[in-house]
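Take a look at the structure set out below.
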Amino acid sequence: EDEDEESSEDEDEESSEDEDEESSEEDEDEDEDDEEARERRIEEARERRLSRYAAAKKLASKDELRSPICCILGHVDVGKTKILDNIRRTNVGEGEAGGITQQIGATFIPADAIANRTVDLRAGKGYDLRLPGLLVIDTPGHESFTNLRQRGSGLCDIAVLVVDLMHGLEQQTIESINLLRMRKTPFIIALNKVDRLYGWKSNEKLPIREAFKRQKEFVNTEFEKRSSQVFLQLNEQGLNVELYWKNKDLRSYVSVVPTSAVTGEGISDLLHVIVKLTQTMLADRLMYVDVPQCSVLEVKTMEGLGTTVDVVLLNGKLREGDRIVVCGLGGPLVTRIKALKTPQALRELRIKGQLMDHKEIKAAMGVKIVAPGLETAVAGTSMFVITPDDSEEELKDAVMEDMTDIFSKVDKGGEGVCVQASTLGSLEALLTFLDSEAVNIPVSGINIGPVHKRDVLKANVMNERKMSKFAVILAFDVPVAKEARELAEELKVKVFTADVIYHLFDQFTAYMAQCKSSEQEANRLLAVFPCQLRILPTCIFQRKDPIVLGVDVVEGVARIGTPLVAQTEAGLVDLGRIAGIEVDHKATDNVRVGKSFAMKIEGTNADEKQRLYGRHFDHTHSLVSRISRESIDAVKASFADEMTKDDWRLVVKLKKTFQVV
């Protein structure tokens, strides 16, 4: 009876296990079905949304254009903000830290302000101004330009690249040109600081050609000399440039407008060229589409309002009470707009002044959105408005695509540095820069926001993998927490911080050079360069330790520290290391093929110290460097750039001699 009970219990257990397995398989199938169904739903919703956008685009006409979005780029201190101030006739620059732009500003310049400013230039002629105005974004370096993005393409319609007439192209100017190329953004060059020309007589706010007519001849000659130097530098960067009044081919040549941000000469010309270029060449792009299209420029905490986002509304309308989806660090954020705020016209988002509230805003505008739960919003991403026709699930998916796109480009298991940036736009710009051929720095981890302890631990993985040169965090425009800095010092993780991309690159390059020299120092004794030497029988200066001989280099390179072996009939005889080299009585540390030199060989152990020239080896025997697997690896790791193809061929030959696997 007992046996029967046991067997029935076993059967019960087996059947219950089978049921569990079946149910878990069913659950998995259901999960897969759910996932497939969800993807199908999202795909269908996306197609519906895109077809609605396409339909709205068809309804757009060239009679109703939106304001073009204009960015001002250039090197530090070339006068970007001064130019904008002159247009606005306000003075932001002085209120900035050290006169350098610290936050993002967007200024709306209404059409009538443009018309008034260009009166002298037009000399009373009519003005076909079809634009409602200009929306100018004032950049700290390239920050806002990189954040004006949507799935990798630029939202900026036209850019003004400010170049200093006195200093020409500088590092950041070249970086700006590359950024403009990457985003395929049309641009105009403002050749600023003409008032610095010797003998310049300033005539406030005059059109630039008129201003040149009033100068003495030597001033115009100096301008031509200096501008032709700048033009040559621009040509070297692959740009065709021409002064705007001589430019007959706007598609092939970049227009150059000489300006003075201080006295206002040429500013009316700059506005005129921007309007002319955008109205004629970019009319299709500037047609107003009645579908909200938005890009998050900056996330800020404001007293009394909580966390707000500064956005550029490119198309469509935003209303108070709209539900919006924003990309957050931990996932999509869905919230409702509590208030829409803008500065007064001709002021900008950065200046602490009274903000105006709006019930509804039409594109293109710089807007501050007040809404709950925006603490982890990421700048440099798209923002969507949820309409009754939209699927919230699909928009959540779409808003995160930007992040997943960039994060998926990084090989997390590979070797490389860790990169942190303040916004997705600057992270993308930094990754593009690090990936370029000239720089080529591998990246193994990326993040957005301040550097915390967990980021330091992530970078420390490279130390654990014995790749300490990559145990580095490149922090671009983000703060480093105190605990993180302390932990980094303890774990020997380097943290480089900068708010200009190329400063980071300079710091890291200097660090890599230092790593390489210390690595070479450590490997110097281990690394053995290949050489084959022939003894000159007439140049035997000392036969016993330390042996001094004259030799020819048959192949490879002889260096101080190289262990030598004589190839005799009795086998290989170790002689010691090269302790000194002289060519024509002058000491040197290496000699290549085809040269003769005198060398001193010192034994490194008792056997080697006993070696005698004439007894253990003579001039009929070839001398070669003793290589091993370790020495070859050390050369590959630290001295590969000092080896020629012939050197590597000799290594292959010597591997057979010393039976190195």
Side-chain angles (χ1 to χ4, degrees), residues 520 523-661:
Q520 284 186 345
N523 278 339
R524 198 165 290 284
L525 272 180
L526 195 57
V528 175
F529 282 79
C531 70
Q532 185 178 353
L533 311 173
R534 180 173 52 241
I535 300 172
L536 301 171
T538 54
C539 302
I540 312 302
F541 306 111
Q542 188 158 315
R543 292 166 179 270
K544 62 176 197 284
D545 187 75
I547 299 167
V548 181
L549 311 163
V551 289
D552 278 337
V553 184
V554 181
E555 277 187 280
V557 54
R559 284 182 174 241
I560 287 180
T562 303
L564 289 181
V565 174
Q567 294 178 303
T568 69
E569 297 79 7
L572 300 171
V573 179
D574 286 298
L575 304 178
R577 286 181 181 266
I578 299 177
I581 294 176
E582 275 188 13
V583 178
D584 300 331
H585 302 290
K586 286 190 185 126
T588 181
D589 49 10
N590 66 59
V591 184
R592 280 207 163 269
V593 179
K595 289 259 182 86
S596 304
F597 67 96
M599 67 171 176
K600 177 162 79 172
I601 305 170
E602 285 182 351
T604 56
N605 56 40
D607 284 347
E608 288 173 2
K609 286 183 191 296
Q610 302 298 317
R611 304 288 184 233
L612 276 179
Y613 176 80
R615 182 189 294 173
H616 299 105
F617 71 104
D618 59 31
H619 69 274
T620 59
H621 302 133
S622 203
L623 303 183
V624 293
S625 50
R626 177 178 273 288
I627 64 164
S628 62
R629 171 44 52 205
E630 289 75 23
S631 76
I632 296 171
D633 290 344
V635 169
K636 274 184 187 167
S638 304
F639 301 97
D641 51 347
E642 295 178 34
M643 293 278 285
T644 64
K645 278 187 179 168
D646 289 338
D647 292 342
W648 286 118
R649 284 194 196 102
L650 181 55
V651 168
V652 173
K653 212 153 73 177
L654 292 178
K655 273 170 75 174
K656 289 175 187 159
T657 306
F658 295 104
Q659 295 173 355
V660 175
V661 182

- Task: Check V651 against P530 and note the closest heavy-atom contact, atom names and distance.
- Result: CG2-CG, 3.6 Å
- Query: What distance do I540 atom CD1 and I535 atom CD1 have between them, rounded to the nearest 0.5 Å?
  - Reply: 6.0 Å
- Could you name each residue pair satisfying salt bridge (Lys or Arg N to Asp or Glu O under 4.0 Å) that touches residues 615-626, not counting sequence neighbours? D574-R626
- Note on the structure: Between the NZ atom in K645 and the CG atom in D647, the distance rounded to the nearest 0.5 Å is 12.5 Å
- Item | Heavy-atom closest pair, residues F597 and E582 | CB-O, 3.3 Å
- Task: Kindly determine whether F617 and L564 satisfy side chain to side chain contact (heavy atoms under 4.5 Å, CB included), including the steps that lead there.
- Result: CA-CA 12 Å; F617 71 104; L564 289 181; over 6 Å; no
- Note on the structure: d(D552 CG, R534 CZ) to nearest 0.5 Å is 5.0 Å
- Message: Keeping S625 on the side-chain end and C531 on the backbone end, is there a donor-acceptor pair under 3.5 Å?
- Response: yes
- Output all residues satisfying side-chain contact (heavy atoms from CB on, under 4.5 Å) with K609, sequence neighbours left out; order by chain, then residue number. D545
- Do you know which two heavy atoms are closest between V528 and V635, and how far apart they sit? O-CG2, 3.5 Å
- Item | CA sep, side-chain torsions, deciding dist, call: K655, I632, side chain to side chain contact (heavy atoms under 4.5 Å, CB included) | CA-CA 10 Å; K655 273 170 75 174; I632 296 171; 3.8 Å; yes
- How many angstroms lie between NZ in K595 and CD1 in I581, if you round to the nearest 0.5 Å? 11.5 Å
- Sub-4.5 Å side-chain heavy-atom contact between V593 and D646: no
- Using side-chain contact (heavy atoms from CB on, under 4.5 Å) as the criterion, point out the one residue from E569, H616, Q567 that pairs with H621. E569
- Contact summary for F541 and G550, nearest pair of heavy atoms: CE1-N, 4.1 Å
- Item | side-chain contact (heavy atoms from CB on, under 4.5 Å) partner of L654, the single match among V624, V660, V565 | V624
- Full working for side chain to side chain contact (heavy atoms under 4.5 Å, CB included) between K636 and W648: CA-CA 10 Å; K636 274 184 187 167; W648 286 118; 3.7 Å; yes
- Item | Close side-chain approach of K653 to T657, heavy-atom, < 4.5 Å | no
- Any idea which heavy atoms bring A579 and I560 closest together, and the distance? O-CG2, 4.2 Å
- Query: Going from CD1 on I578 to CG on L533, what distance comes out if it is rounded to the nearest 0.5 angstrom?
  - Reply: 6.0 Å
- Just wondering, more than 12 heavy atoms not from N605 lying within 6.0 Å of its CG? yes
- Task: Determine the minimum heavy-atom distance between E608 and G576, stating which atoms define it.
- Result: OE1-CA, 3.2 Å
- Is the side chain of Y613 donor-acceptor paired with the backbone N or O of H619 at a distance under 3.5 Å, no angle test? yes
- Task: Go through the steps to decide whether M599 and V551 satisfy the test side chain to side chain contact (heavy atoms under 4.5 Å, CB included), and finish with yes or no.
- Result: CA-CA 8 Å; M599 67 171 176; V551 289; 3.9 Å; yes
- Interatomic distance, R559 atom CZ to R592 atom CZ [nearest 0.5 angstrom]: 7.5 Å
